[in-house]
Amino acid sequence: MAQTTNNNSAIHPAKPPVLVELKGLNKVFVSDEVETRALDNINLTIVKGEYLAITGPSGCGKSTLLSLLGLLDTPSAGIYQLAGHNASNINADERARIRNKEIGFVFQSFNLISDLTVAENIELPLTYRTDLSHKQRQDMMYASLIKVDLVHRANHYPSQLSGGQQQRVAVARAIAGKPAIILADEPTGNLDSKNAQSVMALLDELHQDGATICMVTHDPASAARSQRIIEVFDGQIISDKPATAPATITSSAVAV
Ligand SMILES: Nc1ncnc2c1ncn2[C@@H]1O[C@H](COP(=O)(O)OP(=O)(O)OP(=O)(O)O)[C@@H](O)[C@H]1O
């Protein structure tokens with residue numbers, strides 16, 4: 001059937017659903033009678049399919065924000081909604097369950113387990129998922145290995161791979177469970193420029209496939225590859241702007 005050109009949804013495409021909502025989020029660390037306000041009244045909304053970069057000087061609260069987003073720590077006050085879950089006031093078991101299903105982590109130092117093979121590293125987080133059979137886990141592991149182009153390395157150990165390959169394994173581990181969001185903490189911080197480029201290109205590709213990515217980075221070139229740059233200073237978001245790099249324009253054009 002012929003499509004009408006004045007179709008309302010073509011003029012006003014449906015807004016992507018909200019995936020992350022932070023309202024009035026605070027984090028205060030107290031140690032030896034010293035109180036550090038690491039995050040102060042953070043309000044942030046991330047919609048499905050967004051690629052955003054969090055930047056700011058050392059000590060401004062970037063890692064604390066990523067830890068709260070990743071349910072690795074709990075806020076001192078405020079509301080966190082993630083993929084329809086109220087993630088602010090939940091016990092540790094529930095936090096772990098949501099984290100395992102909805103969040104994929106990529107760390108600066110790869111965090112692979114040295115005495116597990118590439119395939120075993122990728123499958124490990126899936127083994128905590130009671131909703132998946134062994135066959136489903138294997139299929140998901142292979143699909144993510146294909147995505148990062150490392151099927152031929154499935155039975156190798158991390159020490160047998162380059163840094164860039166290890167980070168691609170870490171990305172495969174992050175995406176294998178089809179999480180709602182990928183959280184990356186300085187994903188190119190330990191890589192030379194060639195390997196950094198290949199990891200950033202992989203993140204671009206995942207974003208073009210529809211992944212939601214939130215990346216902490218000190219590197220302006222990496223931040224410019226995202227769609228939206230959030231700058232943190234002294235625990236507060238001081239700016240929230242679209243990124244303007246050509247790579248972003250290309251990826252938006254592809255998404256349309
Ligand atoms: N577990 C903790 N106990 C006490 N203070 C902490 C703790 N974690 C972080 N902080 C403090 O909270 C503030 C924010 O730290 P955070 O690690 O989030 O900054 P950052 O922007 O990620 O820094 P960097 O870029 O150097 O990694 C800092 O003042 C830090 O010293």
Side-chain angles (χ1 to χ4, degrees), residues 19-46 50-82 87-92 95-96 98-99 102-112 163-164 166-167 170-171 174 179 181-193 195-196 199-200 203 212-241 243 245:
L19 194 62
V20 164
E21 180 110 61
L22 304 180
K23 284 190 189 157
L25 209 75
N26 287 353
K27 180 68 184 179
V28 179
F29 292 106
V30 182
S31 51
D32 300 331
E33 295 176 15
V34 177
E35 214 176 75
T36 307
R37 182 169 289 269
L39 294 176
D40 183 8
N41 191 27
I42 297 286
N43 296 291
L44 178 67
T45 301
I46 303 173
E50 259 194 307
Y51 182 4
L52 66 102
I54 300 175
T55 65
S58 183
C60 70
K62 303 179 299 294
S63 301
T64 305
L65 180 54
L66 210 70
S67 294
L68 296 186
L69 285 169
L71 299 175
L72 295 169
D73 202 352
T74 50
S76 309
I79 292 173
Y80 177 16
Q81 298 268 356
L82 169 67
S88 350
N89 276 318
I90 49 174
N91 65 33
R95 247 197 348 263
I98 297 173
R99 186 169 57 231
E102 309 287 8
I103 299 167
F105 290 98
V106 180
F107 299 98
Q108 177 171 355
S109 48
F110 323 138
N111 291 16
L112 300 176
Q166 289 186 52
Q167 193 61 306
V171 171
I181 187 165
I182 297 166
L183 300 179
D185 195 356
E186 297 281 3
T188 60
N190 276 351
L191 300 176
D192 60 41
S193 62
N195 280 312
V199 167
M200 291 310 297
L203 293 180
T212 311
I213 304 173
C214 179
M215 167 181 68
V216 162
T217 183
H218 278 108
D219 175 26
S222 297
R225 293 178 80 132
S226 72
Q227 287 180 307
R228 176 180 171 198
I229 302 179
I230 284 166
E231 199 181 343
V232 179
F233 187 79
D234 261 358
Q236 298 186 323
I237 293 177
I238 57 162
S239 86
D240 182 347
K241 294 185 192 150

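Here, residue 1 is the first one in the sequence, and each next residue gets the next number. All heavy atoms count here, side chains included; hydrogens, waters and symmetry mates do not. We count ligands from 1, going down the list as the structure has it; atoms in each ligand are counted the same way.
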Of all the non-hydrogen atoms in the protein, which one sits nearest to [atom], and at what distance?
atom: atom 2 (C) of ligand 1; value: F29 CD2, 3.5 Å
atom: atom 17 (O) of ligand 1; value: S63 CB, 3.8 Å
atom: atom 25 (O) of ligand 1; value: K62 NZ, 2.7 Å

request  = Mark whether atom 9 (C) of ligand 1 lies under 4.0 angstrom from at least one protein heavy atom.
outcome  = yes
Report yes or no: does [X] contribute a side-chain atom to a donor-acceptor pair with the main-chain N or O of [Y] at less than 3.5 Å?
X: T217; Y: D219; value: yes
X: K62; Y: I54; value: no
X: E35; Y: V28; value: no
X: E50; Y: Q227; value: no

[atom2] on [Y] to [atom1] on [X], rounded to 0.5 Å:
X: F107; Y: S63; atom1: CZ; atom2: OG; value: 10.5 Å
X: T45; Y: L19; atom1: OG1; atom2: CG; value: 11.0 Å
X: L68; Y: L183; atom1: CG; atom2: CG; value: 11.0 Å

For P57, the atoms of ligand 1 under 4.0 Å from one of its heavy atoms are 21 (O)
So the atoms of ligand 1 within less than 4.0 Å of a heavy atom of H218 turn out to be 25 (O)
[options]: member with heavy atom nearest to [atom]:
atom: atom 26 (O) of ligand 1; options: A38, G235, S58, S31; answer: S58
atom: atom 11 (C) of ligand 1; options: T36, L66, V28; answer: T36
atom: atom 23 (O) of ligand 1; options: G59, G56, G189; answer: G59

Closest non-hydrogen contact found for V106 with I182 is CG2-CG2, 4.2 Å
Using a plain distance cutoff, I'd like to know if C60 has any nitrogen or oxygen under 3.5 Å from a nitrogen or oxygen of ligand 1.
yes
Short version for T64: what comes under 4.0 Å of ligand 1, heavy atoms counted, is both
